[in-house]
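Take a look at the structure set out below.
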Amino acid sequence: AMEKTYMSMFLLLVAISCSLGKDIGKKETKETNTKPKLPQTLSRGWGDQLIWTQTYEEALFRSKNSNKPLMIIHHLDDCPHSQALKKVFAEHKEIQKLAEKFILLNLVYETTDKNLAPDGQYVPRILFIDPSLTVRADITGRYSNRLYAYEPSDIALLYSNMQKALKLLKTEL
């Protein structure tokens with residue numbers, strides 16, 4: 001019986017130290033906490049006021065049914081390049097406005113669809129898919145070794161590629 005009491009005492013101490021640690025940490029980072037933290041949405045920070053789909057399957061379904069092109073952003077939370085692109089993308093008013101005309105999906109994991117990694121699984125990469133569910137291999141960024149990669153400085157190119165994805169739609173379908 002003695003051992004059990006020891007154990008529960010020990011667990012209690014651990015719990016106390018963890019929560020104390022959190023409180024101490026909070027006081028130090030007061031500046032960052034003054035901004036109300038928005039709940040994590042499907043946008044993952046790429047545009048909180050936009051409508052994002054949850055899964056690739058849902059995105060394909062919606063694209064076909066609404067006759068809107070699909071824009072897929074592959075990214076990772078701990079990738080500085082993804083973070084940098086996300087910031088510029090989210091703050092770009094014209095891009096955010098144009099994005100409303102797309103079915104949108106951002107993914108932090110790879111799908112099993114090989115068509116979404118025509119030249120490899122790197123992040124960030126952005127692909128466009130038309131409502132006939134064809135990946136637009138012709139809408140690329142400016143890097144020959146990573147065709148669908150964009151840097152923050154490529155934001156104007158991304159914007160014109162979004163326009164291209166919408167234009168092709170009107171002429172082809």
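Values below: all heavy atoms of this structure, side chains included; hydrogens, waters and symmetry mates excluded.
For the pair Lys86 (side chain) and Arg44 (backbone), a donor-acceptor distance under 3.5 Å is present. The closest donor-acceptor contact from the side chain of Ser66 to the backbone of Arg62 lies under 3.5 Å. Checking side-chain atoms of Tyr148 against main-chain N and O of Ala137 turns up a donor-acceptor pair under 3.5 Å.
Using a 4.5 Å heavy-atom cutoff, the side chains of Met71 and Ile126 are in contact. The shortest distance between side-chain heavy atoms of Ile129 and Asn115 does not fall below 4.5 Å. In this structure, the side chains of Trp52 and Thr41 stay at 4.5 Å or more apart for every pair of heavy atoms. Residues Asp77 and Gln83 have side chains in contact (heavy-atom distance under 4.5 Å, counting atoms from C-beta outward). In this structure the side chain of His75 never reaches within 4.5 angstrom of the side chain of Leu107, judged on heavy atoms. Leu127 places none of its side-chain heavy atoms less than 4.5 Å from the side chain of Arg136. In this structure, Asn161 and Tyr150 have side chains that are in contact, with non-hydrogen atoms separated by less than 4.5 Å.
Applying the salt bridge (Lys or Arg N to Asp or Glu O under 4.0 Å) test to pairs two or more places apart or on separate chains, those with a residue in residues 145-154 are Arg142-Asp154. Residue pairs satisfying the salt bridge (Lys or Arg N to Asp or Glu O under 4.0 Å) criterion with at least one member in residues 110-124, sequence neighbours excluded, are listed as follows: Glu110-Arg125.
Rounded to the nearest 0.5 angstrom, Lys164 NZ and Leu166 CG are separated by 12.5 Å. Distance CD1/Ile72 to OH/Tyr56: 5.0 Å, rounded to 0.5 Å. Rounded to the nearest 0.5 angstrom, Gln163 CD and Lys101 NZ are separated by 9.0 Å. Here the CD1-CG distance, from Ile139 to Leu147, works out to 12.5 Å after rounding to the nearest 0.5 Å. For the atom pair CG (Asp130) and NZ (Lys64), the distance works out to 10.0 Å, reported to the nearest 0.5 Å.
By the neighbour-count criterion of 12 heavy atoms within 6.0 Å, atom NE2 of His81 is sparsely surrounded, having that number or fewer from other residues, nucleotides or ligands. Atom OH of Tyr143 sits in a crowded spot, with more than 12 heavy atoms from other residues, nucleotides or ligands closer than 6.0 Å. Atom CD of Gln54 sits in a sparse spot, with 12 or fewer heavy atoms from other residues, nucleotides or ligands closer than 6.0 Å. Heavy atoms from other residues, nucleotides or ligands lying under 6.0 Å from CD1 of Ile51 number 12 at most.
Residues Pro152 and Ala84 share a closest heavy-atom pair of CG-CB, 3.6 Å. Annotation for Glu58 and Thr55: closest pair N-OG1, 3.0 Å, computed over non-hydrogen atoms. Heavy-atom minimum distance, Lys68 versus Ser63: O-OG, 2.6 Å. The heavy-atom pair separating Leu50 from Ala99 by the smallest distance is CD1-CB, 3.7 Å.
For the side-chain contact (heavy atoms from CB on, under 4.5 Å) test with Thr53, the passing option among Leu60, Leu42, Leu104, Leu105 is Leu105; the others fail.
Between Phe89 and Trp46, the two ring planes are perpendicular [angle over 60°; tilted spans 30° to 60°]. Relative orientation of the Phe128 and Phe102 rings is tilted, given thresholds of 30° and 60° on the angle between their planes.
Under a hydrophobic clustering in which Ile, Leu, Val, Met, Phe, Trp and Tyr are joined whenever their side-chain heavy atoms come within less than 4.5 Å, directly or via other members, Leu70 and Tyr109 fall into the same cluster. Residues Leu157 and Val88 fall within the same hydrophobic cluster, defined by Ile, Leu, Val, Met, Phe, Trp and Tyr side chains chained together at heavy-atom separations under 4.5 Å.
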